[in-house]
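As structure tokens, the structure follows; a few thoughts come after it.
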Amino acid sequence: MTSAIETKSLVRRFGDFAAVDGIDLAVDRGTFFGFLGPNGAGKSTTIKMLTGLMAPTSGSAAIMGFDVVKEPVEMKRRIGVVPEELALFDRLTGPEYLGFCGRMHGVDPATVARRTDDLLDMMGLQEDRGKLIVDYSHGMQKKLAIAASLLHGPEVLFLDEPFEGVDAISSRMIKDLLLSLLKKEITIFLTSHILEIVEGLCTDLAIIHMGALVAQGSLDELRSGIELNGGGGARETMTLEEVFLSLVGGNDVERKTLSWLE
Amino acid sequence: MSQLFAMLRLRWRLTVRSLGKGPGHLIEFIAKLLLFLAFLVIALGAGVGAGVVAAMLIAQDRQPNFRVFLHMLFVVSFLVGFFMPLLDSVSNASLDARRYLLYPISMRRLYAVQFLTSAVSTSHILYLPAFLGAFLGAYAFTGFSALPALCIFVLYYFAVVAWSQTAIALLQVALRARRMRELVGLAGFTVFIIWWFFHVRTFSGVAEDIEARMKVLFHTFIEVDSVFPSGWAAEGLYALRYGDAATAWWGILGLSALAAAGLYASYRAFAFQCYAVGTGGGPSEIKEAGTSRFVDKRLPLFHNITSAIFWKELRYIFRSAAGKYNFVILPVFVGGIGFLFGTHLSKPIWGLNPVDLAFPGLLFYASLMTNNMVLNAFAWEGGGVQSYFLSPVSLRRVLLGKNLAFWLYTTMVTAISVLVLLLFVIRPGALILITGVELFAILMFAYALCGNLTSVLQPVRRDMSNIWKNAAQGTGVLAVCVSAAGVFFLYTVINLVLFILEMRALLPVALLGLALLFAGAYVSSLGPMAALMERRREKFISALTEKVQ
């Protein structure tokens, strides 16, 4: 069985600068995959290449076996995306936008109407169905974007910072929803700076730093790859944050103090 | 003082950096600079001209006319100085001063920065040279006493800026809600157009009685003006010229009081504006969007995707400020111009009926009013444009759906305008009517051809609740002008050839052929345009997800 997501030597350059520098990813079907990295590491660029928003400079990528460059339409039929800059049409109402997305994916109107109701109910947006998206709060817009990404029943879901700007209640609801999707064998590819959430949700992880993959595997596999200074007793209890900082060199950063505050 | 300088320096830096870098921005900067200089020269010239006119009136010993002239001069400058910044503020919802509230700075200092930057803003500063010119002209030609006259000009300027700032602050508080801004803008623009046509109509047919009417009008005008800074300034200068020192100083005193009251009022309004909370835009004030019955109906003959884009686009157009404005303004404008043609041009021009000349011209004009929607067709969509690239759709259908919506909207607006013309104003012959409609169809295809190209090559994000603030898109406008000129050139050539061959009856057939040619060119351009859009997707998305400039 092919992987849900597979990249081979994927590169994206902006002039001389390599934002993504030859990454090889393999994400199995039905996994909750966390894609981590510091700011500017190449996470969003990778997602943009995987979803067809950006062309790779070299290398290849395939989603559910469909090449993102050679078979973009087939690939796009199988994915749902919540990009970092939400792809919303802010002068439509929530149901109008969901209806539009459904039609763009070729879902029949009756199914779109039924699913729109279900999704608005689930996301707690039913009461605001008459409002324009421009009048939604940021959290509501995020939930609507997630709803739109699910409407056509994708096999792979790409979520770029889905918890940013979302309150605790909505965050819990989104987490529960994502976990329920896993039971349906949907593959989820998630980027987030909130490492506690990633640690609680993701079964597999990859860490990208300066455009290159520095680690890939389960949290335990990531832990085992770390060289401990001064004894290895604490390795099993390391949090994802500690693992992350070890891998991207965050622990080596010189701590500076502000003399006038001391 | 360091706080004041820091804020003024920040404003200056932000202004300079907003001009951007690179060759494109440099060209835009040079163009704006040249435009600004041209305005300065024109304003200075107008001011000197005003001084010369004043001198002539005095030399001819026409005191009442000189008095009316002074009032008119100041009223015009007052209207410009008061309403131009106000219009700017309606378009701009942001309030810079609120950002400074984070810092330990007094409200008075904050106000001082606001006032100083407003006093030298483009909308105020553009009429300073006119003042200077008027002052120099008046001083040189009429012998005003320099110092009191200068006092009057300076006090007047401060009074105008202060009262304008008061109005802006109060308006900003009232218009914090987006919908209210749109509504006020629309209402204001409509009232202005109706008022303008009302005046054109009033003065066009009363020539025999005009002198008596003008006397009454000027008398009323001076009485009304006497409560405004413009009236005080005009009366002060008038008295100064004729040696009535007491009235002149009374004018200066009155202006001082008005300026001081204006400064105080604008300070209070500014403070209120900075700290006002819950004055609009809150969740309770958000109205529901209108629903439509045609939701999700598939268009006959067209693909499902094209239909989805079409309906989405149509909703967008009718929810935009430009879409609403055009729907009201265009029929009024076209009807008004048609009315002037219909009632004043009854004699033939070069053997042709002026109505027959006016009709295609008005159709052309109507088509020009809406083409900004096609030459930057993705401007209002922001991050939404990513949807086209994330969905399994052909971009060819996206372009077609958008063009169909543009055509339908423009046809609807133009049809209403034509109906107004036909019912109330002018009645062209059947031949002109048919060829006019054909010409309109050719223009629609030509605009879509050019518009798709400029939309893909030069997309610029726009705020759809705002038609004032958005910068003009030079290349797109140029492309549309060239395409319109090309269509008219072909139209003229065909007309000329058929006229020489004495076969003018064949004009509708020839134009139908031309329309089919343009339709064919349009259809075959869709594929390459979609491919170009796909190739440029990164720059395209990046340009449309940028913050509105």
Side-chain angles (χ1 to χ4, degrees), chain A residues 12 14 45 48-49 51-55 66 71-97 99-110 112-113 128-137 140-141 145 148-149 152 154 158, chain B residues 177-179 281-283 285-292 295-298 303-313 315-320 323 378 380-394 397-398 401 463-465 534-542 544-546:
Chain A
R12 173 62 206 214
F14 296 98
T45 306
K48 282 177 182 167
M49 284 192 283
T51 55
L53 288 179
M54 196 178 264
F66 294 100
E71 301 158 290
V73 174
E74 285 306 312
M75 179 275 284
K76 287 172 190 174
R77 281 189 212 287
R78 287 159 178 81
I79 64 168
V81 186
V82 180
E84 192 178 21
E85 172 80 28
L86 300 177
L88 299 172
F89 291 106
D90 60 11
R91 300 305 161 115
L92 298 182
T93 63
E96 283 171 358
Y97 176 64
F100 174 78
C101 290
R103 292 186 74 178
M104 296 289 274
H105 279 89
V107 184
D108 70 272
V112 170
D128 302 298
R129 58 181 302 141
K131 288 179 188 168
L132 294 181
I133 296 170
V134 69
D135 295 325
Y136 279 19
S137 69
M140 288 160 76
Q141 291 186 353
S149 71
H152 57 285
F158 289 93
Chain B
R178 173 178 53 78
R179 280 171 187 276
E285 292 187 30
I286 295 168
K287 302 282 186 301
E288 299 222 331
T291 51
S292 48
V295 178
D296 294 334
K297 291 256 164 54
R298 184 174 172 168
H303 192 275
N304 202 22
I305 302 290
T306 307
S307 306
I309 303 282
F310 170 80
W311 290 122
K312 182 242 129 213
E313 192 65 16
R315 281 195 195 103
Y316 249 64
I317 290 174
F318 280 106
R319 283 173 185 165
S320 71
F378 298 88
W380 295 330
E381 296 180 320
V385 291
Q386 295 172 104
S387 295
Y388 304 131
F389 299 95
L390 290 170
S391 310
V393 299
S394 153
R397 293 192 173 119
V398 173
D463 179 355
M464 67 187 284
S465 64
E534 184 70 50
R535 272 203 307 279
R536 289 180 50 83
R537 66 180 180 270
E538 288 165 36
K539 284 183 182 166
F540 184 79
I541 292 170
S542 162
L544 290 165
T545 47
E546 267 181 7

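Excluded from the calculations below are hydrogen atoms, water molecules and symmetry mates; all remaining heavy atoms, backbone and side chain alike, are included. So you know, we letter chains A, B, ... as the sequences are listed, proteins then strands, and number each from 1.
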> Does a side-chain heavy-atom distance below 4.5 Å link B:E313 with B:E381?
Replying inline: yes

> So what's closer than 4.5 Å to chain A heavy atoms on B:I541: side chain, backbone, both or neither?
Replying inline: side chain

>> I need the minimum non-hydrogen distance between B:N304 and A:R103, along with the two atoms involved.
In response: OD1-NH2, 2.8 Å

> When heavy-atom pairs shorter than 4.5 Å are enumerated against chain B, which of A:K48, A:H105, A:H152 gives the highest number?
Replying inline: A:H105

> With a 4.5 Å limit on heavy-atom distance, are the side chains of B:L390 and A:K76 in contact?
Replying inline: no

>> Does any backbone or side-chain atom of A:F158 lie under 4.5 Å from a heavy atom of chain B? Answer side chain, backbone, both or neither.
In response: neither

>> Report which part of A:L92 has an atom under 4.5 Å of a heavy atom belonging to chain B: side chain, backbone, both, or neither.
In response: both

> For the candidates B:S394, B:P392, B:S391, which exhibits the highest count of non-hydrogen atom pairs separated by less than 4.5 Å from chain A?
Replying inline: B:P392

> Side chain, backbone, both or neither: which part of A:A148 has an atom under 4.5 Å from a heavy atom of chain B?
Replying inline: neither

>> In terms of relative ring orientation, are B:Y388 and B:F378 parallel, tilted or perpendicular, with 30° and 60° separating the classes?
In response: perpendicular

> Closest approach of A:A87 and B:S387, non-hydrogen atoms and distance?
Replying inline: O-OG, 3.3 Å

>> If you count heavy-atom pairs within less than 4.5 Å of chain B, which of A:P95, A:P72, A:P83 leads?
In response: A:P83

> Does any heavy atom of chain B fall under 4.5 Å from the side chain of A:L86, the backbone, both, or neither of them?
Replying inline: backbone

> Can you name the nearest heavy-atom pair linking A:F89 to A:I133, along with the distance?
Replying inline: O-CD1, 3.4 Å

